[in-house]
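Here is how names work: the chains are called A, B, and so on, in the same order as the sequence lines, proteins then strands, and each is numbered from 1. Fair warning: this is a prediction, and the values are worked out from it, not measured in the lab.
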Protein chains: 2
Amino acid sequence: MTISKSKSQPASSKASITIVDIAKLAGVNPSTVSRALSGSSAVTAQTRARITDIAQENGYVANHNARMLRSRRANQILVIVPNIAAFSHPEVILGIEEALEEHNIGVIVGSTKDNEERELALARQLITGAADGLILLNGRLPSELGELPQYNRRIVAISRPVLSPGIAFIGIDNQQAAQEATLYFVSIGRKRILHMGGPEQSPIFAARAQGYRNAMRQAGLDGIIDLQHLPAFNMVAGRQAMRDILNRRQLPDAILCASDELAFGAIQVARELGISVPQQIAFIGFDNHPVGEAFSPPLTTISVPRRRMGFLGAQTLLQSIQDDRPISDFQLLPYEFLVRASCGGSSW
Amino acid sequence: MTISKSKSQPASSKASITIVDIAKLAGVNPSTVSRALSGSSAVTAQTRARITDIAQENGYVANHNARMLRSRRANQILVIVPNIAAFSHPEVILGIEEALEEHNIGVIVGSTKDNEERELALARQLITGAADGLILLNGRLPSELGELPQYNRRIVAISRPVLSPGIAFIGIDNQQAAQEATLYFVSIGRKRILHMGGPEQSPIFAARAQGYRNAMRQAGLDGIIDLQHLPAFNMVAGRQAMRDILNRRQLPDAILCASDELAFGAIQVARELGISVPQQIAFIGFDNHPVGEAFSPPLTTISVPRRRMGFLGAQTLLQSIQDDRPISDFQLLPYEFLVRASCGGSSW
DNA sequence: TTGAAAGCGATACCAA
DNA sequence: TTGGTATCGCTTTCAA
């Protein structure tokens with residue numbers, strides 16, 4: 001089904017007011033109206049004023065589609081996110097909106113649930129010209145676009161890198177962050193450090209796991225590396241994993257969770273089963289979920305500059321489109337290690 | 001600035017493949033290609049198959065803008081949210097996407113930060129035909145649309161009602177929910193019940209406050225109604241409000257928070273200042289934030305069927321557009337009262 | 001500085 | 001069932 005009224009007529013009941021109508025009212029040619037309203041310099045201040053007034057009075061707004069068709073420009077950027085309900089993506093989008101706002105470029109968001117078909121459908125928005133550029137938060141280039149490298153200059157990846165070359169990326173160094181967090185555990189005397197990781201195939205979680213491994217090796221603890229990759233990184237997965245862990249004979253004394261949500265779920269279960277946090281098991285999360293600060297105990301975590309990532313990503317994309325050449329470098333932004341009570345740190 | 005390359009040429013480097021190209025390749029008329037690809041019945045299965053193949057082989061995708069211009073149909077719905085970073089809106093969007101998916105209608109999301117200008121810019125997407133319909137989660141009709149009642153049939157409000165008549169609404173009965181929650185406090189023996197409300201001008205929070213008042217009156221406690229409207233409903237506001245409350249000589253023994261986030265912040269502060277929850281003060285939140293279950297103590301709350309609201313809202317909109325007549329009724333969906341430890345309920 | 005006219009790419013009539 | 005063609009509303013050359 002498509003949207004349409006029962007009559008096979010065009011959908012808008014009354015043809016809305018067009019540039020021709022304004023031209024007639026102003027007693028000029030449509031092209032003059034076009035120039036006046038789109039800010040061309042080749043028009044007298046006088047005529048522009050008159051036309052602008054008439055347009056305003058009559059509530060004229062340019063037909064977006066006609067404008068796009070003719071000028072081959074959409075003034076819209078499409079953001080592809082895997083799951084709009086995950087708390088982290090919307091904050092990136094906020095940054096993107098901020099960067100594009102002043103340029104009068106709109107943002108549209110498509111959520112894919114990691115469904116390839118949906119990704120493809122959205123990618124077409126770029127090919128068909130409904131969007132001028134693409135920002136990928138899902139870490140995957142829709143297959144069709146992989147075969148059309150001429151679009152690379154119109155694509156930027158944020159947060160999760162895309163493996164395809166020639167596509168700019170803005171994110172943080174997840175490996176280093178995980179390494180730093182693990183070493184912090186070591187520095188406060190924890191040894192049996194477990195890493196509750198996210199899906200292994202995700203570059204982000206792979207990098208975090210690698211950082212954990214590096215740190216353990218660096219601390220001479222490679223003999224007791226204890227790493228598990230979970231199929232998800234939400235609270236449900238964290239609860240399940242924690243139940244399994246608490247069935248062991250020897251418990252870890254510290255857990256580095258690949259996400260704050262994993263940590264929330266895990267700590268909840270630990271608490272329910274009478275484990276004291278951080279005394280018996282210390283926790284560090286990842287992502288700085290807003291509730292982490294109010295959690296009990298407040299969650300130590302890595303703060304990712306999501307808003308800034310979005311802002312820079314959008315700027316990079318604009319630049320890349322304008323110059324018509326890909327900006328392919330990786331921009332790694334600084335993260336912040338927020339020490340709170342969940343790892344026992346100072347108050348221990 | 002607008003997006004364009006330095007040369008004043010159209011933005012796409014190579015004119016992409018058009019319907020005319022496919023027509024030539026297939027040895028038919030463009031109109032036949034159009035019919036074949038848009039699923040018109042007036043075309044042989046044979047021809048359709050041939051054309052479809054050729055189109056696929058050549059990676060043809062219809063130009064969205066041209067299609068829209070001619071057919072006056074965008075196959076897109078615009079969702080306006082006040083703040084995409086608030087956890088509740090994305091879940092509604094998920095439901096909307098679900099409902100529209102099978103109809104091959106896309107969803108675009110615009111976040112406004114309650115900025116009227118931004119609302120207006122987005123509303124224009126409807127007027128200019130970039131979107132076929134509008135779903136408002138922000139509880140406010142962009143002013144321009146208020147003067148164009150012919151668009152009412154293309155607008156649906158979810159979650160927050162819009163005051164303008166003729167616009168369908170899907171939500172829950174906030175007043176009743178707040179009333180029920182308050183009476184629950186009464187039923188477990190609490191009397192000095194405070195309501196930490198959200199912004200007064202928001203119909204949602206006004207309704208919740210009214211429900212609280214009704215319940216207090218019903219319980220014969222109208223003498224000690226203790227209601228405050230906060231300027232926001234996030235954790236920061238909750239913390240601030242709680243600090244003020246804890247400075248009083250006599251503390252409330254129960255607090256109904258207008259949002260879970262308010263409750264998170266308030267409970268955090270209470271905990272920090274040595275108040276025991278729920279023994280000294282019991283809490284009930286609103287909205288069923290995903291972290292509420294893992295919070296300490298787990299938060300009693302009202303679960304709002306956000307996903308379902310989105311789904312129904314989108315369906316209603318589709319119907320309204322198709323029939324070309326507004327569906328103006330209010331649909332109030334059932335909510336769920338989730339009793340957890342924060343109000344001391346059973347485990348008390 | 002303005003006007004005239006040629007498209008942008010697809011769709012939807014009317015004829016055949 | 002197909003072909004021819006006008007047209008959607010705007011932008012952008014080219015002339016005046």
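- Dashed line: the shortest gap from a side-chain N or O of Ser34(A) to OP1 or OP2 of dT11(D) is under 4.0 Å.
- Around atom CZ of Arg308(B), no more than 12 heavy atoms belonging to other residues, nucleotides or ligands sit under 6.0 Å away.
- Residues His89(B) and Val79(B) fail the side-chain proximity criterion, which asks for heavy atoms closer than 4.5 Å.
- Residues from residues 46-69 of chain B with heavy atoms under 4.0 angstrom of DNA chain D, sorted by number: Thr47(B), Leu69(B).
- For the pair Arg72(B) CZ and dC13(C) P, the computed distance is 13 Å after rounding to whole Å.
- Using a 4.0 Å heavy-atom criterion, one finds that Val33(B) contacts no nucleic acid atom at all.
- Residue Thr44(A) is classed as a sugar-phosphate contact, given heavy-atom separations below 4.0 Å to backbone atoms only.
- In this structure, Asn63(B) and Arg67(B) have side chains that are not in contact, with every pair of non-hydrogen atoms separated by 4.5 Å or more.
- As a whole-Å value, the separation of Leu37(B) CG from dG9(C) P is 16 Å.
- The main-chain N or O of Val92(A) is never found under 3.5 Å from a side-chain atom of Arg306(A) such that the two would form a donor-acceptor pair.
- Nearest to the side chain of Arg70(B), among dG9(D), dA6(D), dT5(D), sits dA6(D).
- Distance from the side chain of Val43(B) is smallest to dT2(D) among dA12(C), dT2(D), dC10(D).
- In the set dG3(C), dT11(C), dT1(D), dT1(D) carries the atom at the smallest distance from any side-chain atom of Ala42(B).
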Under 3.5 Å donor-acceptor pairs involving side-chain atoms of residues 310-317 of chain A, not counting sequence neighbours:
from: Thr316(A); atom 1: OG1; to: Leu312(A); atom 2: O; distance (Å): 2.8
from: Thr316(A); atom 1: OG1; to: Gln331(A); atom 2: NE2; distance (Å): 3.1

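- The residues Glu97(B) and Lys113(A) are annotated as not salt-bridged, no charged nitrogen and carboxylate oxygen being separated by less than 4.0 angstrom.
- Look at Asn29(B) and you'll find a side-chain N or O under 4.0 angstrom from OP1 or OP2 of dG4(D).
- Taking atom CD1 on Ile22(B) and atom P on dG3(D), their separation rounds to 15 Å, with Å as the unit.
- Between Ile19(B) atom CD1 and dT7(D) atom P there is a gap of 19 Å when expressed in whole angstrom units.
- A close approach under 4.0 Å does occur between a side-chain nitrogen or oxygen of Thr32(B) and OP1 or OP2 of dG3(D).
- The base of dG3(C) sits with one of its N or O atoms less than 3.5 Å from a complementary donor or acceptor on the side chain of Arg35(A).
- Using a 4.5 Å cut-off on side-chain heavy atoms (C-beta onward), Arg307(A) and Glu98(A) make contact.
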